[in-house]
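Working notes, beginning with the structure itself.
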2 protein chains.
Amino acid sequence: MGQAPGRLTQRDIARLAGVSQTTVSLVLNNRGDAGARIAPETRDRVLRVIRDTGYAADPLARRMLKQLNQILGVFTYEPVFPSTSADFYHPFLRGIEESAERSGCDLLLFTSAPVRDGQRRIFHENNRLRVADGCVLLGREIPSAELSRLVAEGYPFVCVGRRDDADGRPVPYVGADYVNATAQLVDRARACGHRRFAFVGPGTGAESSADRLAGFRRAVGTEAPFLSVGTPDPAERLARLLEAGVTAVFVEVEAEAVALAAAAASQGLSVPRDLSMVTLGDPTIPVDSSLDFTGFHIPRPQMGQQAVELLVDVLHGQTSVTQRLLGCELTHGETLGPPAS
Amino acid sequence: MGQAPGRLTQRDIARLAGVSQTTVSLVLNNRGDAGARIAPETRDRVLRVIRDTGYAADPLARRMLKQLNQILGVFTYEPVFPSTSADFYHPFLRGIEESAERSGCDLLLFTSAPVRDGQRRIFHENNRLRVADGCVLLGREIPSAELSRLVAEGYPFVCVGRRDDADGRPVPYVGADYVNATAQLVDRARACGHRRFAFVGPGTGAESSADRLAGFRRAVGTEAPFLSVGTPDPAERLARLLEAGVTAVFVEVEAEAVALAAAAASQGLSVPRDLSMVTLGDPTIPVDSSLDFTGFHIPRPQMGQQAVELLVDVLHGQTSVTQRLLGCELTHGETLGPPAS
DNA sequence: CCCCTGAAGTAATTCGCATTAGCACCTTGA
DNA sequence: TCAAGGTGCTAATGCGAATTACTTCAGGGG
């Protein structure tokens, strides 16, 4: 199936034109210069038959010889189209699609990877990774065991988002520079007059979380309060912050920033007058808040785009640099201002 | 030179397992029954190597021999991820992805199709349709020339959305029954007491437009006013409707319904008291309106889902019925009420 | 002892195309 | 007259996997 019964081949054309298959191929590829030449007369006869029959070369057969299939895999740890994951994946995918289009590649979504515990796994019984020439990996957190195996197998891939080394070997990625972005925001807060800062968020686990905390630590020193999400109650969290004399709080997840701001408001405190707040990246979960948070912008489409570019380069053996960090643009919101005192 | 780094072949597997390439192929395809059998011991050894190396057959080579690859193509006439086309494509794709996951297929997005005049083309120099086992086609309007060619070539495909025959041969599709949905809405309006109806929209071009008008005509008879989009000014359109004594207007595109309602409001007319309005399908362009329109709901995810199911059936030769129409659920909005008089 | 059968596996071929090597037929020039 | 060189074309090969048509070996029956 798939194959039309009467599909034409170069042999058919050759027979019709009274030449060999080789000649047809040569005519088609205009290889007059390279060694073999074709008499104009013959060439015209062949072209004529080709035109009359509407023959077109089978792209598969062509590709077979070139050894690259122009298929790039895209692996996501969840289905991409449901609206629950849409806000997270789509900006990346937009860049990926655009870049694939530019380099003439098709994208293979690994929907065949079975979902287990709400997550897909790259490596499973009968994994089909190698169907693609290489693969772009997408996900907030990627199990390091899977990365190790990919690296060990020498499979060409690029992660979207910075990744720690796997077994001491570098993992190819295109990431965003959360360390610097966060540090810059701290500097800006300091320039505003703030002296006591706090970080709210996991700060560990995914590289993206660790990097934010690292940037924060680098800029403020190590003694600043660090509150993990362990304290789920925004009111209590707020109380602890104020108790510690914090005037500027850096929140990893926008949803938590919103909750904290709400808690502040309910106590008659105003942002940023009584407490400055900074979020560390665009929301991945849609959040409606009237507040325009100060923070930074993650260049998601660019990350996707460059991930594909990097992968293509790797596939062509055209690069040795396999890690790229993109800068984040700071956003001037309304939640950072001079401290009250 | 172009060799994908580390791409394994059956020869590699064979060498590692100490067998011939034939044996590897036989093991992979479970052809123990057909003539050649493999000792369990050998089979395990081969499977072991395959699992250890993560080998997967080259889809192109397999397709050359007319085999299936568990790869379903998805062709869209525009990129799918930009937010401009998101609202239109995503609901379909959600169903497609889900269904593909269930049947263990991967999805190949044909991003390699070059965009020309803001639209992709299926058939172009080097089209790679045949990389996939079959293909789901997505788009409001699909050039009939492309459909004809697909049918003529015997390529397995399924359209999302009803399509007219191509050169007298049926085009496989999973569509929505706009004819009935529209007709039912007319009936409901009649039950409310309305007697003079109008249809606003192109009513021609894409099958989806034609079907809506057809349903409208069937239910009201042929003499009802039909206003094409030729008159772009909502106020003028409104005037003509009222002049014709129309009390219930059926609008194909929600955005135009909104404009019309706004025009009515600005003249002090209220919907539905002075004019009832019905929209014919969920908005494809995001529209913000406080009105909850009466109309119907297009089962987009189900369409995508069933399109994949149908395609899989076709690929396995398990069906002869290649056209399905799904019903649309009517929505009880607030824009249809009894006429004023 | 030889033929037959079944089991287990392999060599050879195929798909459609690009490429390489080489063949047969001219001209030349000496 | 013959090697040298050019011209115009074709046979053969390979890409990776599936399939067909063998081969090889062991055991059993006559």
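So you know, we letter chains A, B, ... as the sequences are listed, proteins then strands, and number each from 1.
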Of all the nucleotides listed ([options]), which has the minimum atom distance to the side chain of [X]?
X: A:L65; options: D:dT10, D:dA17, C:dG16; answer: C:dG16
X: A:N29; options: D:dA17, C:dC17, C:dA18; answer: C:dA18
X: B:L26; options: D:dT19, C:dA18, C:dG16; answer: D:dT19

| message | Using a heavy-atom cut-off of 4.0 Å across all strands, would you classify B:T22 as base, sugar-phosphate, or nothing? | response | base

| request: Would you indicate what B:V24 reaches in the nucleic acid, counting non-hydrogen atoms under 4.0 angstrom: base, sugar-phosphate, or nothing? | output: nothing

So, OP1 or OP2 of [N]: does either fall under 4.0 Å of a side-chain N or O from [X]?
X: B:T23; N: C:dG9; value: no
X: B:S20; N: C:dA11; value: no
X: B:R62; N: D:dA18; value: yes
X: A:T9; N: C:dG16; value: no
X: A:Q67; N: D:dG16; value: yes
X: A:Y55; N: C:dC17; value: yes
X: B:Q10; N: D:dA18; value: yes
X: B:R37; N: C:dG6; value: no

| query | Does a side chain donor of either B:T22 or B:S25 reach within less than 3.5 Å of an acceptor in the other side chain? | reply | no

| request: Working to the nearest 0.5 Å, report the span between CD of B:E146 and CZ of B:R121. | output: 5.0 Å

| message | Let me confirm one number: the OH-CG distance from B:Y173 to B:L137, rounded to the nearest 0.5 Å. | response | 15.0 Å

| query | Between C:dC17 atom P and A:K66 atom NZ, what is the distance in whole Å? | reply | 13 Å

| task | Return the 5'-most residue of the pair A:A56, B:R45 with respect to DNA chain C, ranking by each residue's nearest nucleotide. | result | B:R45

| request: Is it possible for you to check whether B:R120 lies under 6.0 Å from the centre of the six-membered ring of B:F110, through NZ or CZ, and within 45° of that ring's axis? | output: no

| task | Assess whether one donor atom and one acceptor atom, taken from the side chain of A:Q21 and the base of D:dA11, lie less than 3.5 Å apart. | result | no

| query | What pairs with B:F75 under ring-ring contact (aromatic ring centres under 6.0 Å, His included), at least two apart in sequence or on another chain? | reply | B:Y77

| Looking at five pairs on each end of the helix from C:dC1-D:dG30 to C:dA30-D:dT1, what is the angle between the two axes, given to 10 degrees? | 90°

| Counting only N and O atoms by type, is there a donor-acceptor contact under 3.5 Å from the side chain of A:R63 to the main-chain atoms of B:L60? | no

| B:D133 side-chain N/O to B:Q70 backbone N/O, donor-acceptor pair under 3.5 Å | yes

